[in-house]
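Below: the structure, in structure tokens.
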Amino acid sequence: MQGVLLIAQTPETPMQEDILPDADPLKVDRFNVEFLLVEGMHFLAIDNQAKALDSFIKAHQIMPENAAVNFKIAKILHQSSDSDQALFYISKATEKEKENYYYQALKAEILTDKGDLKNAISTYEDLYRFSEDAPDDYLLELAALYLYSDNPDMALETYDRIEKRLGILEEVSTQKQKIYLKQNKLKEAIAEGKRLVEAYPKISEYAVSVAQILVSNNKNEEALNYLKNYLEEHPNQALVEMELAKLYRQSNETILALKHFEKAFQSEEIPLEAKLNNFVALIQKLSQGDEVEKLKALGSSILEIHSTDANAFAANGDLYFALNQKDSAKYFYEKAVTLNGDNLQLWQNLLSLEMENKKYKKVVKYADEAISYFPNQPVLYLYAGSAHFAMNDFKKAIMFWKQGKSIVYGNDRMKSSFAAQLADAYHADKQYEEAFRTYEEAIKSNPLNYFAINNYAYYLSLQKRDLERAKELSSKMVKANPDNATFLDTYGWVLFQKEEYQEALKYLEKAVQNQSSATIIEHYADALYKTGQKEKALEQWKKAKSLGGASELIDKKISEKKYYDASI
């Protein structure tokens with residue numbers, strides 16, 4: 001059989017024009033737009049705004065009327081602060097789909113950012129007109145815009161719309177109260193507050209808010225009665241107890257105030273700061289008797305609840321300090337700094353008490369501890385130096401006062417005080433040249449530092465050194481302080497050393513009239529002797545001796561009835 005030759009046929013390729021009539025161009029465009037939208041969303045997910053915008057713009061070129069595309073472009077442009085272009089695109093989206101509240105909300109937000117509040121309000125109103133499913137949140141934005149546009153009545157109307165949809169809300173009631181108060185509608189503001197209390201009776205903050213509005217409008221009695229009635233219906237409300245206590249305190253009804261403070265202070269609901277603020281105010285109004293004991297009990301309540309807080313102990317320290325029970329005050333201050341050393345005022349209180357008790361070693365100990373927390377606080381070095389000086393450890397006093405003076409900046413009065421103290425220590429340590437130089441430094445920093453001037457002039461007079469400078473300084477000091485016995489004595493003694501005895505006697509006599517110390521009386525007697533009044537001088541020397549604290553020469557002066565110069 002003869003074979004048959006089979007030739008494979010090549011299928012014909014249809015021409016493009018054969019496809020086009022059967023294809024749906026709209027489907028092709030929609031496919032491309034959906035692809036670009038997905039691509040844009042992917043870029044948004046990886047936070048690549050620029051590429052996302054590029055994808056959406058390409059989609060827009062294919063379908064410029066597509067609401068979703070316009071919305072996406074508007075949102076990116078708005079985030080990039082290009083409000084004008086954003087508004088253009090979002091407007092196209094809302095024109096196409098008025099009922100889409102996401103689109104309307106973005107448009108309102110863009111208009112708000114542009115400051116076009118009128119059209120923003122209109123857009124929010126459209127949002128609710130075209131969409132029954134729009135969330136309630138936008139009504140809050142709408143109410144706020146009415147307020148910004150100085151249209152409080154429409155804001156109130158909008159808040160009423162919110163309440164119809166959601167019921168009574170704190171945010172809404174608070175805003176309505178503010179509007180009523182601004183409109184001087186106190187009755188409506190109070191009524192609004194009470195509605196909130198009735199809706200949420202167990203939230204005591206709302207009742208307190210009503211009372212505070214009444215108080216701010218001078219209706220304290222009404223506020224008191226309102227809170228008392230509230231407590232009868234809802235007992236054990238610490239915030240209300242606290243507010244009642246404050247009202248009673250302001251009305252000077254301290255016993256009633258303490259009664260309610262006691263209940264409030266026993267609650268952990270009241271923060272320590274609020275307790276301490278009121279506790280301090282009570283200390284400042286401190287009286288005696290039962291009130292003091294109740295105040296001590298309050299202090300104990302604070303410690304029971306806040307036993308690890310230094311401020312609780314510090315407040316109790318302040319109470320006992322005010323009661324002049326210094327040992328108890330010191331105990332609480334010590335506990336406070338043990339719990340928290342990072343409180344400069346506490347250290348100063350403690351140092352002051354120990355200094356007053358002449359417990360100089362403790363002052364040194366506490367000053368060292370305080371300096372470890374506050375190495376740049378000059379006052380701590382002042383205390384440390386003073387304690388060492390009091391213990392006659394002049395070299396350590398000098399060390400601390402030099403350190404303290406070196407860290408004083410921008411305070412000439414403090415620098416002068418340090419220099420004066422330092423000069424006293426140099427003099428006590430017999431470093432006279434350094435002492436006199438430092439006194440000059442103190443006076444230069446503060447020409448009105450009369451204590452530095454007094455000591456400087458007096459020590460110069462004792463050495464009969466630079467008496468003209470001593471006279472110049474002490475003369476100004478006495479003119480500024482004409483009744484200060486110590487200053488009068490110094491000036492009189494400078495004049496005495498200059499052998500201006502008659503003038504010296506005048507000032508020393510005035511000094512004696514103001515203060516009868518052994519030193520001043522002895523100086524006065526010396527001046528009497530030098531002006532020829534020897535019998536009277538002897539009488540005054542005997543008086544100086546009887547007081548104690550006169551010079552080592554007093555017995556010799558009395559026995560020999562003669563003046564002796566201690567500097568010879």
Side-chain angles (χ1 to χ4, degrees), residues 170 174 177 186 189-190 193-194 196-198 200-323 325 328-329 332 336:
E170 177 185 8
T174 302
Q177 282 180 308
L186 180 61
I190 296 298
K194 288 181 177 179
L196 188 60
V197 174
E198 289 168 9
Y200 304 96
K202 293 184 179 180
I203 303 180
S204 57
E205 290 97 324
Y206 300 157
V208 169
S209 178
V210 171
Q212 288 172 342
I213 291 173
L214 288 166
V215 169
S216 64
N217 287 274
N218 299 315
K219 293 182 178 292
N220 290 32
E221 194 64 34
E222 191 175 334
L224 272 169
N225 291 330
Y226 179 75
L227 291 178
K228 283 161 64 179
N229 291 334
Y230 177 86
L231 266 183
E232 286 178 8
E233 296 179 19
H234 311 283
N236 303 319
Q237 296 288 344
L239 288 174
V240 178
E241 297 280 6
M242 190 74 162
E243 195 65 25
L244 260 177
K246 288 193 287 185
L247 286 172
Y248 280 125
R249 176 174 60 78
Q250 290 162 8
S251 302
N252 292 319
E253 296 184 62
T254 310
I255 294 295
L256 283 171
L258 287 166
K259 172 188 168 185
H260 289 284
F261 274 130
E262 186 177 1
K263 292 181 180 179
F265 278 28
Q266 289 169 356
S267 170
E268 294 184 10
E269 187 180 356
I270 306 296
L272 177 60
E273 185 179 0
K275 293 177 184 177
L276 293 184
N277 286 339
N278 286 282
F279 191 62
V280 169
L282 287 167
I283 292 172
Q284 291 169 350
K285 284 189 170 184
L286 196 62
S287 61
Q288 297 300 319
D290 291 343
E291 291 183 18
V292 169
E293 294 308 311
K294 288 182 181 295
L295 200 49
K296 286 181 179 179
L298 276 186
S300 296
S301 294
I302 293 173
L303 289 174
E304 286 174 18
I305 305 290
H306 310 279
S307 59
T308 60
D309 196 303
N311 291 323
F313 285 93
N316 276 271
D318 291 342
L319 169 62
Y320 284 94
F321 187 87
L323 292 170
Q325 297 179 22
S328 295
F332 286 113

Any residue meeting salt bridge (charged side-chain N to carboxylate O under 4.0 Å, His left out) with Lys219, in chain and number order, not counting sequence neighbours: none
Which residues share a salt bridge (charged side-chain N to carboxylate O under 4.0 Å, His left out) with Lys263, sequence neighbours left out: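 Residues passing salt bridge (charged side-chain N to carboxylate O under 4.0 Å, His left out) with Lys263: none at all.
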Neighbour count >12 (heavy atoms, 6.0 Å) for atom CZ, Phe321: no
Can you measure from [atom1] ([X]) to [atom2] ([Y]) and round to the nearest 0.5 angstrom?
| X | Y | atom1 | atom2 | value |
| --- | --- | --- | --- | --- |
| Ser209 | Leu196 | OG | CG | 8.0 Å |
| Leu282 | Leu258 | CG | CG | 5.5 Å |
| Leu295 | Ser300 | CG | OG | 10.0 Å |
| Ile270 | Leu239 | CD1 | CG | 4.5 Å |

Do [X] and [Y] have side-chain heavy atoms sitting under 4.5 Å apart?
| X | Y | answer |
| --- | --- | --- |
| Phe265 | Ile305 | no |
| Val208 | Glu205 | no |
| Asn225 | Lys228 | yes |
| Val240 | His234 | no |
| Ile203 | Glu170 | no |

Step-by-step side-chain contact (heavy atoms from CB on, under 4.5 Å) determination, Ser204 to Tyr230: CA-CA 9 Å; Ser204 57; Tyr230 177 86; 3.9 Å; yes
Minimum heavy-atom distance Leu319-Lys296, with the two atoms named: CD2-CA, 3.9 Å
Nearest heavy-atom neighbours spanning Ala329 and Gly317: CB-O, 3.4 Å
Salt bridge Glu243-Lys246, side-chain N to carboxylate O under 4.0 Å: yes
